[in-house]
Structure formats: structure tokens, C-alpha cells
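Naming convention: chains lettered A, B, ... in sequence-line order (proteins, then strands); numbering from 1 in each chain.
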Amino acid sequence: MTIRLYNTMTRRVEEFQPRNPPRVNLYTCGPTVYNYAHIGNLRTYVFEDVLVRALKLAGFDVKRVMNVTDVGHLVSDADEGEDKMEKGARREGKTIHEIARHYYDAFVADMHRLNLLPPEQWCWATDEIDAQKAQVEALAEKGFTYVIEDGIYFDTSKFPDYGRLAGQNLADLKAGARIEPAAGKKNPTDFAVWKFSPKGQQRLMEWDNPCGIPGKGFPGWHIECSAMAIKYLGEYLDIHCGGVDHVKVHHSNEIAQAEGALGHAWCRWWMHGEFLTMPKDDGGGKMSKSSGEFLTLEVLIRNLRDMGFTAEKDFNDSDAALSYRYFLLNAHYRQQLTFTWNGLAAAANAYRNLKAAVLNSKRQTDASKMQTLNSFMDAFREAVLDDLNMPRALAVMWSVANEKNNDGKYATLLEMDNVLGLGMKEMKTIPLPWREDEIRQDMKERDKARKARDFARADAIRDKYERENIKLVDQPNGFVSFDSTGGAVLHIYTPRQDEDRPPPGTASVDESKDADIPPC
RNA sequence: GGCGGCGUAGCCAAGUGGACUAAGGCGACGGAUUGCAAAUCCGUUAUUCGUGGGUUCAAAUCCCACCGCCGCCUCCA
């Protein structure tokens with residue numbers, strides 16, 4: 001199977017081939033842990049997660065490295081500016097390490113809730129200062145750097161290919177520049193690979209300068225990614241990902257540093273996730289983490305709860321998070337997406353309906369019928385492997401969900417969910433609170449009572465189940481479903497008139513909700 | 001000012017020259033079903049793809065102009 005992916009470097013969708021198949025070396029820019037990730041950040045990680053899953057679907061063996069930035073990035077590119085980590089620490093009256101740990105943990109919690117596969121390797125910027133200094137020294141030796149008052153800078157005019165990723169040359173960048181270059185820089189695009197600690201000021205985090213320069217300092221804004229990527233994935237990288245905003249500066253600089261230090265081409269494939277933006281009447285534009293005004297996953301979950309997507313409606317916090325994942329999957333990753341509460345609610349409804357369809361197919365499937373439906377899987381793979389066209393893939397999944405014939409349906413839906421990551425497999429079969437024959441007896445009796453128009457008796461039985469948080473749902477085909485008002489859905493086929501119909505022994509339920517369901 | 005993207009039904013969104021007489025979802029409406037309730041099922045919901053020209057046997061898809069929206073050029077996903 002081949003996978004076609006858009007490459008920012010060539011501006012085209014191309015067939016992807018790693019350098020040493022089936023291995024894929026993947027580096028994804030991670031979070032700066034000075035605050036919570038916002039839902040715009042999270043969009044990029046969802047895109048990267050889908051990429052990893054799609055590469056696996058195509059038969060590749062992915063090794064993914066993700067960094068945690070816990071040092072060094074300043075608030076602005078100008079000479080002034082605070083270190084975000086130090087600012088965060090001061091804001092919260094904690095040590096930098098505490099801050100980093102707290103927001104890293106929060107980030108990992110978000111990843112769990114969104115069903116994001118963890119990277120094979122995490123790396124922390126402050127653990128890898130030596131590698132960064134080594135890269136600075138390698139660049140200095142090869143004559144790519146110059147030293148000015150506040151730091152060691154990369155001379156972009158020495159790297160003829162600079163700006164290729166952004167599709168711009170030095171002259172274009174100069175012409176379009178809105179801000180004055182920092183004092184002492186030779187070119188507007190030059191950037192610091194190492195910054196010296198300000199004179200007479202003790203930074204919370206600083207290290208001995210590289211290149212034998214006396215005094216202390218800290219790594220430049222971009223050096224950690226290129227240094228760590230090379231350390232953990234070697235001199236050749238297959239894919240490097242990040243948000244679109246990284247194209248012009250961060251990734252262009254990384255290329256200059258890595259290729260400058262290595263002396264050869266470095267990463268072949270560059271992929272970027274588009275922005276999530278806010279509607280005009282709601283602040284407008286993209287979300288900015290540094291401005292402090294942004295939406296977190298936590299807020300999304302809380303609001304979905306407030307919108308009524310809980311209790312009555314077979315919905316819990318985990319579903320709320322995955323509804324956001326569904327919301328994102330419904331748009332292509334290279335397309336800007338505007339976040340709206342109505343849009344999220346629509347996604348939550350759709351997600352709930354899709355889950356119900358999966359549960360329905362599950363309860364009608366016996367374990368021996370777990371083959372997948374090839375024609376649907378083919379269409380699904382075609383969509384996924386065509387530059388991660390998840391909206392199309394989702395449409396294929398829906399066509400399976402709406403399929404009348406149940407054979408192979410459940411297995412196919414689960415197979416698709418390996419890529420979509422919507423938590424369908426987590427829905428497990430658990431025992432009902434009563435013995436099966438007792439339930440069947442109840443259902444028969446209730447049915448008789450209803451036929452005799454003895455609704456008091458019928459409702460008494462319904463109440464018995466309601467007390468256990470299970471709602472009985474009559475269906476026109478003569479079956480009864482169980483639906484829990486506590487957030488779970490139990491479905492069981494119980495014959496109303498035709499007693500020959502075999503009732504399955506168990507009900508399907510989302511395991512994450514079984515707190516609501518008393519065990520047998 | 002420079003660069004890039006987008007504009008498809010009430011909403012989200014795929015499709016980027018010919019099987020599009022335009023996927024899928026949400027919502028809405030109509031019907032079936034129903035003791036009640038809810039759910040479920042069936043059906044309907046763009047003769048048209050921002051507007052105006054042009055190219056072509058053929059355009060939502062290519063070209064030009066115009067209108068509108070967004071992003072990047074500053075840390076940023």
C-alpha cells in the first residue's frame with residue numbers, strides 16, 4: 001500500500017517513501033510547557049496522531065520523537081522579552097521545574113482523553129543541553145555563525161537555500177519584513193542559536209556558554225528541535241511535523257541548523273497542520289497561547305456537559321473529548337477550521353450516533369463473524385492514504401454504520417477506528433445486573449401487561465429497571481432495548497412475542513461508563 | 001505593503017476538468033411506530049457550487065476581473 005502525503009517542501013501531494021522502509025523516522029514539535037495546551041494546539045496533535053495511524057495502516061513502522069520545551073523561548077524575537085518558562089514560574093510562584101511538570105502532565109492527560117498515541121520517545125530540552133551546545137559548536141566550526149553582544153547568531157546568508165521551505169528567498173523576506181531587524185544582526189532572517197544571559201541578571205536557568213565563550217547563557221529558540229531530532233533519530237529524518245506557523249521561521253531555521261551542522265540534506269518530508277480559528281463574533285482569528293486567552297479541552301468538556309450532553313444522553317467526559325476529535329476529523333488537516341460551539345455540538349451528536357451504531361452492530365454480531373468488509377475497507381484506505389482525507393474516511397465509516405446487513409459490520413467499524421481513534425474498541429461487553437432468564441421473564445411479563453393494557457404493571461417493571469439506572473426502550477420490531485439514564489446504553493434483544501428469537505447473553509456498553517452499571 | 005489560502009444546502013464539510021443527475025454528518029420537515037415516553041426506521045431537504053466574463057465537446061473544478069473572509073510576514077500549533 002502506498003500513502004500519498006502533502007509535502008510543504010515541494011508544495012505537492014506525493015507518494016511517500018521513507019529512507020529505510022518500513023521504518024519511518026518522525027519528529028513532531030511538542031508543547032512549550034508554560035501553560036495549558038489550547039484546542040488549537042491540540043488540533044495539530046490530532047493531525048499528527050492520524051498521520052501516525054495512517055502510516056501504520058500503510059504498513060510502516062513509525063518511530064516518533066516529540067520534544068517538551070521547558071526552556072529558552074522568549075516572548076518576542078526582539079532583544080527584549082521574557083523567557084516564557086520564567087514568566088510562568090513567576091506568575092504562579094513556583095519553580096520552573098514544577099511549572100514544566102504540571103503542564104506536561106496536563107498535556108499528557110489531554111493526549112489520553114483525545115486518544116492520541118504517545119510518541120516512542122519524549123525528550124526534554126533541558127535534558128539535552130549538551131547536544132544543543134554541540135550543534136552550536138559544529139555550526140561555529142563550519143563558519144555559519146557570528147557572535148554579537150547578546151548571543152551567537154546563525155548567518156542565513158551563508159546558507160544559500162535558506163527560506164526554501166517557506167518558498168521565499170532572502171530578498172523577499174527582507175522586502176516583506178514588518179519589523180526592524182535586531183541590532184547587530186547581519187540579515188533580518190538571522191537568528192540566535194545561543195543567547196547570553198543578560199548582564200548583571202541572574203536567570204533561573206542558564207548554562208556555560210559553548211565555543212569557549214566565558215559566561216553563561218541558554219539555547220536559542222530553534223536549536224533544540226534540530227539537535228534532539230538528530231540525537232534520537234539520526235542524521236536522516238523522514239518526516240517533520242508541526243503547525244503551519246512553523247513553516248517560515250522555526251522550521252526554516254531548523255533546516256539551516258541541521259543541514260549546516262550535518263553538511264548534507266536532512267529531512268525530506270515536511271507536513272503542517274492548519275490553524276483552528278475562532279469566529280469573528282467570538283474574538284476572531286486564531287487562538288494565541290501567549291496572549292493567555294484561549295480555550296482548553298477542559299473548558300470544552302465542561303461546556304458540552306452544560307449543553308446537556310451528559311446523564312440523559314449516553315455521554316460522559318471522555319465522549320466530550322472525543323467529540324472534539326470527531327469535530328476535527330470532519331475537516332481536512334490542511335484546511336483552516338473555525339471553531340464554534342454549534343459545530344462542536346453537531347459533532348457531539350454525530351459522535352454519539354456513530355457510537356450507537358457501533359454498539360448496535362456489536363450486539364448483533366457473534367464472535368465468529370469478525371471478518372471485515374473488503375469493499376468498504378478499500379474505500380476507507382483509499383481516503384486515508386490520500387493525504388489523510390479523514391472527512392471522506394468518516395463518510396465511508398458512516399456508510400458501513402448505515403449498512404443494513406450486519407455481517408462483518410462490527411469488525412469493519414473497529415478496523416476503521418484504528419485510524420480514526422474514536423474509542424470504539426473500548427466499548428466492552430459487560431454482564432447485565434440480573435440473570436438473563438430473569439430479564440426475559442420480566443420482558444415477557446411486561447409485554448403481556450401491555451397487551452392487556454395493564455399499564456400500571458408494565459410501568460412497575462420499567463421502574464424496576466429505572467431504579468438500576470437502566471431505561472427500557474421499546475422498538476417497533478418487537479424488541480426491547482435497555483438504555484441507562486446514567487449515561488450508559490445497554491442493548492439487549494428480548495423477544496416480545498416470538499420467543500424463538502435467541503437473546504444474546506450480554507449487553508454492550510461503553511466500559512468507561514460501567515460505574516453506572518451494577519455488576520452481576 | 002509582500003506572500004499564501006478560502007468562499008459548495010439552515011450549519012460543518014468532501015469533491016478541484018467528463019459515472020457531480022454534487023459524498024458524509026448535524027439540524028429541520030413529512031411519514032411509520034407508540035398506552036405514555038424516548039428511541040428507532042423510511043422519506044424529503046443544493047437543477048446548483050461568492051459574482052460577472054472567458055477557455056472547452058464538457059467546469060464546482062482551468063483563466064481573468066470583482067466582492068467577501070482568513071492566515072503568515074512577531075513568540076505561536
Item to check | Check ion pair A:D459-A:R446 (N to O, under 4.0 angstrom) | outcome: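 A:R446 and A:D459: not salt-bridged.
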
Round to a whole Å and report the spacing from [atom1] of [X] to [atom2] of [N].
X	N	atom1	atom2	value
A:Y324	B:G25	OH	C1'	18 Å
A:N253	B:C76	CG	C1'	14 Å
A:E224	B:C76	CD	C1'	14 Å
A:R11	B:C3	CZ	C1'	10 Å
A:L276	B:C70	CG	C1'	13 Å
A:F275	B:C75	CZ	P	12 Å
A:E254	B:C76	CD	P	10 Å
A:Y36	B:A77	OH	C1'	19 Å

Is [X] touching bases, backbone alone, or none of the nucleic acid, heavy atoms closer than 4.0 Å?
X	answer
A:G273	nothing
A:F47	nothing
A:N402	sugar-phosphate
A:H246	sugar-phosphate

Checklist outcome for this item: Going 5' to 3' through nucleotides 6-18 of chain B and flagging B where a protein heavy-atom sits under 4.0 Å of the base, S where only the sugar-phosphate is that close, and - otherwise, we get S-----BSSS---

Taking [M] as the reference, what is the distance to [N] when you measure between their [atom1] atoms (whole Å, please)?
N	M	atom1	result
B:G50	B:U45	C1'	22 Å
B:A39	B:G15	P	33 Å
B:G2	B:C64	C1'	22 Å
B:C29	B:G10	C1'	12 Å
B:U56	B:C42	C1'	43 Å
B:C73	B:A14	C1'	31 Å
B:A13	B:U74	P	29 Å
B:C49	B:U44	P	23 Å

Checklist entry - Looking at A:K248, does any N or O in its side chain come under 4.0 Å of the phosphate oxygens OP1/OP2 on B:G2? => result no

List, with names and distances, any nitrogen or oxygen atoms from the protein found under 3.5 Å away from nitrogen or oxygen atoms belonging to nucleotides 27-31 of chain B.
| residue | atom | partner | partner atom | Å |
| --- | --- | --- | --- | --- |
| B:G27 | OP1 | A:N349 | ND2 | 3.4 |

Output all residues satisfying side-chain hydrogen bond (donor to acceptor under 3.5 Å, both in side chains) with [X], sequence neighbours left out; order by chain, then residue number.
X	value
A:N406	A:T365
A:R164	A:D161
A:W269	none
A:N7	none

Partners meeting side-chain contact (heavy atoms from CB on, under 4.5 Å) with [X] (sequence neighbours left out):
X	answer
A:D378	A:R381
A:N330	A:L394
A:A345	A:M307, A:F309
A:A54	A:I3, A:V384, A:L388

Item to check | Face-to-face stacking of A:W398 with B:G24, centres under 5.5 angstrom, angle under 30° | outcome: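 Not stacked: fails the 5.5 Å / 30° test.
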
Do the side chain of [X] and the main chain of [Y] share a donor and acceptor less than 3.5 angstrom apart?
X	Y	result
A:R64	A:D49	no
A:S252	A:G163	no
A:K195	A:D150	no

Item to check | Listed nucleotide nearest any side-chain atom of A:D245, set B:C70, B:G35, B:A77 | outcome: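 Selected nucleotide: B:A77.
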
Checklist entry - Between A:S197 and A:E206, does a side chain to side chain donor-acceptor pair (under 3.5 Å) hold up when you go through it step by step? => result CA-CA 7 Å; A:S197 294; A:E206 56 185 8; 2.5 Å; yes

Checklist entry - Which dot-bracket notation, 5' to 3', represents the base pairing of RNA chain B when pairs are defined as Watson-Crick or G-U with both distances under 3.5 Å, crossing pairs as [ ], and inter-strand pairs as |? => result ((((((((.[[[..)..(.....]]]((((((.......))))))....[[[[[..)....]]]]])))))))....

Next on the checklist: Applying side-chain hydrogen bond (donor to acceptor under 3.5 Å, both in side chains) as the test, list every pair that has at least one member in residues 107-119 of chain A; sequence neighbours left out.
Outcome noted: A:D110-A:R113, A:R113-A:E298

Item to check | Residue whose closest nucleotide on RNA chain B lies nearer the 5' end, A:R334 versus A:D459 | outcome: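 Result of the comparison: A:R334.
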
Checklist entry - Considering heavy-atom distances to RNA chain B, does A:A350 or A:I39 have its closest nucleotide positioned more toward the 5' end? => result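 This one resolves to A:A350.
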
